Amino acid sequence: MFNSELIAFILYFTMVLGIGIFFFFRTKSGGEKDYFLGGRGMGAWVSALSAGASDMSSWVLMGLPASILAAGLGQSWIAIGLGLGTILSWLLLARRLRKFSIVAKDSITIPQFLTNRFLSDSKALQIISALVFLVVYSVYAASSIKACGTLFNTVLGLDAKIAMYVAAAIILVYTFLGGFSAVCWTDFVQGMIMLAALMIAPIAAVFMMNAPSWTAEAPQVAEGYWSLFVTGKCDWTSIATIISGFGWGLGYFGMPHIIVRYMAIKSDAEVKRSRVIGISWTVLILIFAVAVGLIGRVFLVDVADNSHVFIDMVRRIFPGFIAGILLSAILAASMSTADSQLLAAASAFASDVYKPVIRKKASDREMNWAGRIVVMVITLVAVFIASNPNSGTIMSLVENAWGAFGAAFGPVIVLALFWKRFTYKGAVAGILAGFLVDVLWLVFLTDAFSGIMLVDTQIYEIIPGFVAGIVAGISVSLCDKAPSQEVIDLCNKAKLED
């Protein structure tokens, strides 16, 4: 049915496609640094909101509020952990990574930076990283595409699979055309939409509940629902939930599609401004995502599907077209993350595998097209995963991908930026150990694969994976010969401290 909500969605899609077309004509003659890093010309607001929007995918509007609605305030530890993680990431990584990536042969991708950081001619790290990117980003992008299908199916009654195909096609087109600049500018607009929608909906619900005409039954909640302990008491389940919540914050140190934004900021002065904007935006988003879940429990009383709490709240409060504008925040969250992930994977393949290994004399134009083909391939794989009914929930897909990236790259990025004695072999070992431990922990020691798990530890797999990456990176580096004087000089040029 052609209704006012659909009109709002169409206007939204038209806007993001327009941005992609604009940057296609503006940057089509640029080189790979223009396409994959925006020529390092991003300002504070665009960089900050792009980093935030590429981080906060559909789970912040559907997955997190659903967890809060179902299990209570104890699930807010995820938001607390993410809030602390984003603060530490902006404070510790942003300025260092931007400066060091420039000093390290003007690196434009995370794998390229890690290779150039050690002045290594080996391509092993870049190839391993690119393979991890291709696998994990396919899963991550699937969560965003799946959210688009859920939204259109719930709001418009459109078949979920058809909706996924439409959303994937639009994401593909503007990422394909405009590259990094288009992605960042669409993320900026999408970030503003997300924040506005998450703030307006719960505040409006509170005003409605305080009106004299409001009548509603008191919600039935489990004992301990309003406690920060998920079970209402200090037992192992509650402690494991708190530990795992803080573990989510570790992911910020190793999310390639987020931290590459730091490398694109045009100056140190803009980094400082971006830091304030980015931290403020993320903290507000997390606070109001938790508020949607808690207020939704009282406002809606009963929800048929917990993941629909934001959708149901908006549709109950606002008329069609306005509701459509606010619900486009789910599209914004989904698409802003998916486009960033697709571009990060494309840049990793084109810059770190295609040119150095397959076609060493590839032109900038050829590089750009190689990246675009990878964007297309990952999109198709992500659609296949998302359309599989056994692929898991939106939240579980995000959780698995977040853990894999954080464990694989977080330890290595931290050591590369803060330890001069760190070596190339240590970096390779850190990525492999972090990734493998994360995956094995997920398969055998959590209930994600209940058919083959050994025991359910209730600890998020990113934590043991991150620890394994740190231990492997340090151990192998200490067993390896010390870095050359040229590498030490490079670290000193970037003003790395011991």
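Because the structure is a prediction, the values reported are computed rather than measured.
Residues Phe113 and Leu97 form a side-chain contact, since some pair of their non-hydrogen atoms from C-beta on lies under 4.5 Å apart. Within the 4.5 Å cutoff, side-chain heavy atoms of Ile385 are placed close to those of Ser138. Looking at Pro256 and Tyr137, their side chains come closer than 4.5 Å, going by heavy atoms from C-beta outward. In this structure, the side chains of Ile110 and Met263 come closer than 4.5 Å at one or more pairs of heavy atoms. Side-chain contact between Tyr140 and Asn400 is absent, with no heavy atoms from C-beta onward closer than 4.5 Å. Between Val260 and Thr109 the shortest side-chain heavy-atom distance does not fall below 4.5 Å. Counting only heavy atoms from C-beta outward, the side chains of Met62 and Phe310 never approach each other to under 4.5 Å. The shortest distance between side-chain heavy atoms of Phe318 and Ile200 falls below 4.5 Å.
Nearest heavy-atom pair across Ala205 and Met313 is CB-SD, 4.3 Å. When every heavy atom of Ala404 is checked against every heavy atom of Val136, the shortest pair comes out as CB-CG2, 4.0 Å. For the pair Leu69 and Tyr225, the tightest heavy-atom approach, listed with the atom from each and the gap, is O-OH, 2.9 Å. Shortest non-hydrogen contact noted between Ile145 and Ala168 is CD1-CB, 4.0 Å. Pairing each heavy atom of Ala289 with each of Leu64, the nearest pair is CB-CD2, 3.9 Å. Pairing each heavy atom of Cys148 with each of Ala163, the nearest pair is O-CB, 4.2 Å.
For Tyr252, the ring-ring contact (aromatic ring centres under 6.0 Å, His included) partners are Trp402, not counting sequence neighbours. With sequence neighbours left out, the ring-ring contact (aromatic ring centres under 6.0 Å, His included) criterion links Trp281 to no other residue.
One finds the CD1 atom of Ile378 at 10.0 Å from the CZ atom of Phe133 (value rounded to the nearest 0.5 Å). Taking CD from Glu270 and CD1 from Ile277, the interatomic distance works out to 8.0 Å, rounded to the nearest 0.5 Å. Rounding to the nearest 0.5 Å places CD of Glu5 at 11.0 Å from OG of Ser328. Atom-to-atom distance recorded for His308:NE2 and Ile330:CD1 is 8.5 Å, nearest 0.5 angstrom. In this structure, CG on Asn306 lies 10.0 Å from CG on Asp312, to the nearest 0.5 angstrom. The line from CZ of Phe100 to CG of Leu114 is 10.0 Å long, rounded to the nearest 0.5 Å.
Taking the six-membered ring wherever Trp is involved, the centroid distance between the rings of Phe405 and Phe435 does not fall below 6.0 Å.
No donor-acceptor distance shorter than 3.5 angstrom exists from the side chain of Ser89 to the backbone of Gly85, with no hydrogens or angles considered. In this structure, Arg261 contributes its side chain and His257 its backbone to a donor-acceptor pair below 3.5 Å.
Salt-bridge check for Asp268 with Lys99: failed, with every basic side-chain N at 4.0 Å or more from each acidic carboxylate O.
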task = Using the side chain to side chain contact (heavy atoms under 4.5 Å, CB included) rule, take Arg98 and Arg95 through it: C-alpha gap first, then chi angles, then the decisive distance, then the call.
result = CA-CA 5 Å; Arg98 177 192 172 274; Arg95 186 171 177 270; 6.0 Å; no
Let's go through Val206 and Phe299 carefully: what are the C-alpha distance in whole Å and the side-chain angles of both, what is the deciding distance for side chain to side chain contact (heavy atoms under 4.5 Å, CB included) to 0.1 Å, and is it a yes or a no? CA-CA 8 Å; Val206 170; Phe299 181 71; over 6 Å; no
Using the rule given for side chain to side chain contact (heavy atoms under 4.5 Å, CB included), can you reason through Leu286 versus Thr282, listing the C-alpha separation, both sets of side-chain angles and the distance that settles it, and then say yes or no? CA-CA 6 Å; Leu286 292 169; Thr282 302; 3.9 Å; yes
task: Verify side chain to side chain contact (heavy atoms under 4.5 Å, CB included) between Trp45 and Leu49, making sure each step is shown before the conclusion.
output: CA-CA 6 Å; Trp45 279 93; Leu49 266 66; 4.0 Å; yes
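For Met192, the CE atom sits in a loose shell: 12 or fewer heavy atoms of surrounding residues, nucleotides or ligands are nearer than 6.0 Å.
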Please list every donor-acceptor pair under 3.5 Å in which a side-chain atom of residues 71-83 meets a protein atom from a residue at least two apart or in another chain.
from: Ser76; atom 1: OG; to: Leu73; atom 2: O; distance (Å): 2.6
from: Trp77; atom 1: NE1; to: Leu228; atom 2: O; distance (Å): 2.7

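Using modelled atom types, one finds no donor on one side chain facing an acceptor on the other under 3.5 Å when comparing Ser274 with Tyr262.
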